[in-house]
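Every heavy atom of this structure was used, including side-chain atoms; hydrogens, water molecules and symmetry mates were not.
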Amino acid sequence: MLNKMRESAGSWMIKILLGVIVLAFVFMGAGSFNANRTTKAATVNGEPISIREYQQAYQGIIERLRQQFGDRLNNDMLEMFDVKKQAINQVIETELLRQTAKKYNLQVAPDELAETITSIPAFQRNGSFNQQQYRMVLNQNRLSPESFEALQRESMLIQKLRSIVASGIQVSPAEAQEWYNWQNAEIKIDYALFQPSDYADLAVDEEALKAYYEANKPAYKTQPKIKARYVKFSPENYLARIDIAEADIEAYYRNNLDKYKQPATVHARHILLKLPKEADPELVAEKRNKAMEIMEQAKSGADFAELAKTYSEGPSKDKGGDLGTFQRDEMVKPFSDKAFAMAAGEISEPVRTRFGWHIIKVEEKTEKSVKPLDAVKAEIREILAMEEAKNKAYDEALAMYNISFTDDDLVKNTANRDDVSVQTTDFFTKEEGPAAVSAAKGFAEAAFKLPEMDVSDIKELGDSFYLIQVIDKQDSQIPELEAVRDKVTRDWKHQEQKEAARTAAAEFLETVKSMGSIKDAGEKADIEINTTDFFNRNKSIPDIGRDQALIESAFDLSAGDPFPKEPVDGRKGFYVIGFAGKQMPEPDAFEKEKPSVVRKLMNQKQSQYMDAWIAQLREKSDIEITEQLMN
């Protein structure tokens with residue numbers, strides 16, 4: 001069956017479909033093409049959770065991560081976020097809530113469901129629910145009205161349960177004020193900074209260096225490396241063989257006319273007399289009268305560009321008011337409406353926008369049109385040729401892959417071919433990839449998943465297709481000191497500098513405590529003491545920046561306990577700090593913020609309580625997760 005699928009995969013587009021099938025196999029537990037399949041992801045108190053529910057949760061999490069991280073999202077990040085675990089926990093939690101709602105006989109009335117659905121903006125036209133829009137949106141998402149309404153009913157049921165569980169949570173005014181004061185209290189500190197870079201003059205102690213290396217050997221362990229052979233199938237290599245028929249070019253043009261539509265444009269100059277947004281009527285009239293005088297000069301034959309240089313108050317003044325060529329939606333509406341209604345050479349009366357009064361001169365006007373076929377024929381030919389060349393490259397890769405399915409030696413399979421050749425990389429790591437390959441990162445990710453001497457399936461990397469074969473591997477190793485001496489020396493020096501800064505800061509802090517004054521101690525030791533402005537827990541420290549360790553230590557100080565127990569290990573070095581003042585927020589400020597503070601605290605407490613309640617519910621339940629799914 002696999003061979004038949006290969007034979008029928010006649011273009012590179014088919015591999016996308018094959019990828020979808022593989023994904024389905026993986027989710028269904030058939031990634032290794034064996035008979036050990038599963039149709040459920042887990043059971044909760046004897047109730048099964050289908051693999052489809054798990055898939056939907058998994059894909060939902062992936063989509064949220066993709067929106068957050070874009071193209072940076074990769075396999076390593078998916079492992080870091082433990083998406084499988086998140087997805088299975090999500091569906092288990094939903095099933096627990098579903099069962100609990102059923103236990104307490106919670107219901108969603110038909111009218112209640114209908115009201116919720118009809119109020120969803122995606123199903124509305126002109127502010128009202130529209131049945132046709134409703135079905136269209138559901139069809140686009142591959143849902144029937146029945147299945148969507150069942151999902152919506154379940155969602156509302158669970159939300160009802162959540163509301164009931166969290167309904168007893170309250171936030172008192174005193175609790176809200178205490179939280180507000182804690183968040184908005186401000187403090188200022190005196191400080192001295194001891195930076196490791198101030199202790200750079202350190203001689204290398206050979207014995208200490210060796211001892212440091214021995215104690216930190218695992219940190220210098222090399223990464224695993226592999227060497228690979230590969231065959232690259234690049235579309236560019238097949239372009240010379242491609243002949244695109246005129247009929248295909250014409251068909252592409254007809255099917256993609258929107259790509260070749262050219263919007264109407266105007267090339268114009270303007271003279272702007274600025275007005276404030278809230279200008280009084282007298283100023284508006286005064287500026288308009290001035291604009292009328294300038295317009296009369298322009299219409300009487302004065303050079304418009306010179307008038308703009310003299311009178312305009314806009315950024316285009318020095319260019320004679322030249323705005324270049326623009327489309328209708330690239331300017332504010334009153335300006336565009338007027339400019340696009342004028343003829344070339346015409347000068348407008350003053351036009352009012354939010355910027356002020358404009359006098360417009362249209363230099364040139366182009367009506368909307370469609371590029372003729374002859375003007376884009378070469379471009380289309382190039383597009384179609386590249387598509388065809390990509391198909392050809394994939395077909396060639398597929399043909400060689402079929403041969404390599406039973407014979408893992410790529411060298412033999414390319415021995416008598418002139419169009420492709422086997423390339424061999426140097427040893428490379430997973431992070432760096434081979435230097436000679438343009439898509440090095442993707443190549444490395446694919447290669448490191450292969451057993452030695454196995455040939456990969458077809459990998460699309462960049463614009464080309466690859467078959468990869470790992471031919472040698474090097475395990476991680478701990479090198480001898482001489483091989484990493486420079487790095488070890490840098491690390492040892494950094495540690496010694498940091499320790500010297502810590503020691504100096506600790507000694508100074510003892511002096512501060514004994515004298516009871518950081519400023520007096522600084523003067524005695526000739527150490528610079530600075531004082532910050534007031535700052536709160538949520539802001540950067542003036543002249544220092546955002547340093548959480550320093551902020552937390554600062555707010556532990558008070559007039560009665562003005563110094564920390566030890567220097568603060570901050571982002572820039574070690575700080576010795578002293579209390580210099582504290583101020584609380586004004587009571588009136590809290591009263592203004594009180595409703596939002598109460599809401600925020602309520603949401604936090606309800607969320608924490610709900611998490612704890614679900615954890616207890618889970619502890620008391622019989623839950624089995626399909627092991628094959630998580631592995």
Side-chain angles (χ1 to χ4, degrees), residues 121-122 124-127 130 132-133 136-137 139-140 244-275 277 288 291-292 294-295 298-299 301-309 311-388:
Q124 296 179 349
R125 287 183 185 171
N126 301 320
N130 183 279
Q132 186 179 1
Q133 176 78 3
M136 182 185 75
V137 172
N139 284 337
Q140 289 172 349
I244 301 299
E246 291 295 317
D248 291 338
I249 294 174
E250 292 170 7
Y252 182 93
Y253 178 76
R254 287 195 306 272
N255 294 332
N256 295 274
L257 274 178
D258 285 347
K259 288 177 62 174
Y260 303 109
K261 287 181 179 178
Q262 295 181 298
T265 61
V266 164
H267 175 199
R269 297 177 184 270
H270 80 140
I271 297 168
L272 169 64
L273 301 184
K274 288 184 177 179
L275 276 172
K277 286 184 180 180
R288 187 181 188 283
M292 289 293 292
I294 298 169
M295 179 201 71
K299 289 189 173 183
D303 188 296
F304 194 93
E306 291 302 318
L307 290 174
K309 290 178 181 179
Y311 296 110
S312 183
E313 297 169 356
S316 63
K317 172 180 180 175
D318 294 339
K319 296 188 295 183
D322 194 350
L323 296 170
T325 300
F326 53 87
Q327 298 175 22
R328 181 180 288 272
D329 60 359
E330 292 177 336
M331 295 292 178
V332 289
K333 191 174 187 303
F335 189 101
S336 281
D337 287 348
K338 185 62 180 176
F340 278 84
M342 295 166 63
E346 188 176 349
I347 296 170
S348 74
E349 292 194 352
V351 177
R352 175 79 186 274
T353 74
R354 66 174 184 267
F355 302 109
W357 288 106
H358 305 258
I359 307 155
I360 305 169
K361 181 183 179 183
V362 172
E363 299 282 0
E364 187 180 2
K365 191 173 181 183
T366 304
E367 299 298 332
K368 65 180 180 180
S369 62
V370 178
K371 286 184 181 180
L373 174 59
D374 286 345
V376 295
K377 184 174 287 188
E379 176 188 332
I380 295 174
R381 188 185 304 278
E382 189 175 319
I383 291 170
L384 294 178
M386 182 54 72
E387 286 183 359
E388 188 62 30

N/O donor-acceptor pair under 3.5 Å between Asn256 side chain and Lys259 backbone: no

Electrostatic pair Lys377:Glu246 at N-O distance under 4.0 angstrom: yes

Residue pair Ile294 / Trp357, side-chain heavy-atom distance below 4.5 Å: no

Atom pair CG (Leu384) and CG (Asp248), whose distance is rounded to the nearest 0.5 Å: 6.5 Å

Rounded distance [0.5 Å steps], OH in Tyr260 versus CZ in Arg254: 13.0 Å

Gap separating the CD1 atom of Ile271 from the NZ atom of Lys361, nearest 0.5 angstrom: 10.0 Å

Within 45° cone of Phe340 ring axis and under 6.0 Å: Arg328 NZ or CZ: yes

Nearest non-hydrogen partners of Gln327 and Ser336, listed with the distance: O-OG, 4.5 Å

Pair Tyr252-Val376, side-chain contact (heavy atoms from CB on, under 4.5 Å): steps then yes or no: CA-CA 11 Å; Tyr252 182 93; Val376 295; over 6 Å; no

Shortest non-hydrogen contact from Gly321 toward Ala308: N-CB, 3.6 Å

Atom CD of Gln140 with >12 non-hydrogen neighbours under 6.0 angstrom: yes

Taking every non-hydrogen atom, the tightest pair across Ser348 and His358: OG-O, 4.3 Å

Nearest heavy-atom neighbours spanning Asn130 and Gln132: OD1-N, 3.0 Å

Note, Arg352 side chain near Pro334 side chain (heavy atom, < 4.5 Å): no

Lys371 atom NZ, over 12 foreign heavy atoms within 6.0 Å: no

Backbone of Ala344 reached by a side-chain donor or acceptor of Glu364 within 3.5 Å: no

Rounded distance [0.5 Å steps], CD in Glu306 versus OH in Tyr311: 11.5 Å

Sidechain-backbone polar pair: Ser312 side chain, Leu272 backbone, donor-acceptor under 3.5 Å: yes

Closest contact, heavy atoms only, Leu373 versus Glu250: CD2-CG, 3.7 Å

Lys/Arg N to Asp/Glu carboxylate O, Glu346 vs Lys299, below 4.0 Å: no

Atom pair CD1 (Ile244) and CD1 (Ile380), whose distance is rounded to the nearest 0.5 Å: 11.5 Å

Residue pair Ala339 / Val266: nearest heavy atoms and the distance that separates them: O-CG2, 4.0 Å

From Arg288 atom CZ to Glu349 atom CD, the distance as rounded to the nearest 0.5 Å: 6.5 Å

Side-chain (Arg269) to main-chain (Lys319) donor-acceptor, under 3.5 angstrom: yes

Donor-acceptor contact present, side-chain Thr265 to main-chain Thr325, <3.5 Å: no

CD/Glu330: more than 12 non-hydrogen atoms of other groups inside 6.0 Å: yes

Validation row: Asp322, Glu363 side chains within 4.5 angstrom (heavy atoms): no

Arg125 backbone acceptor or donor facing Gln133 side chain under 3.5 Å: no

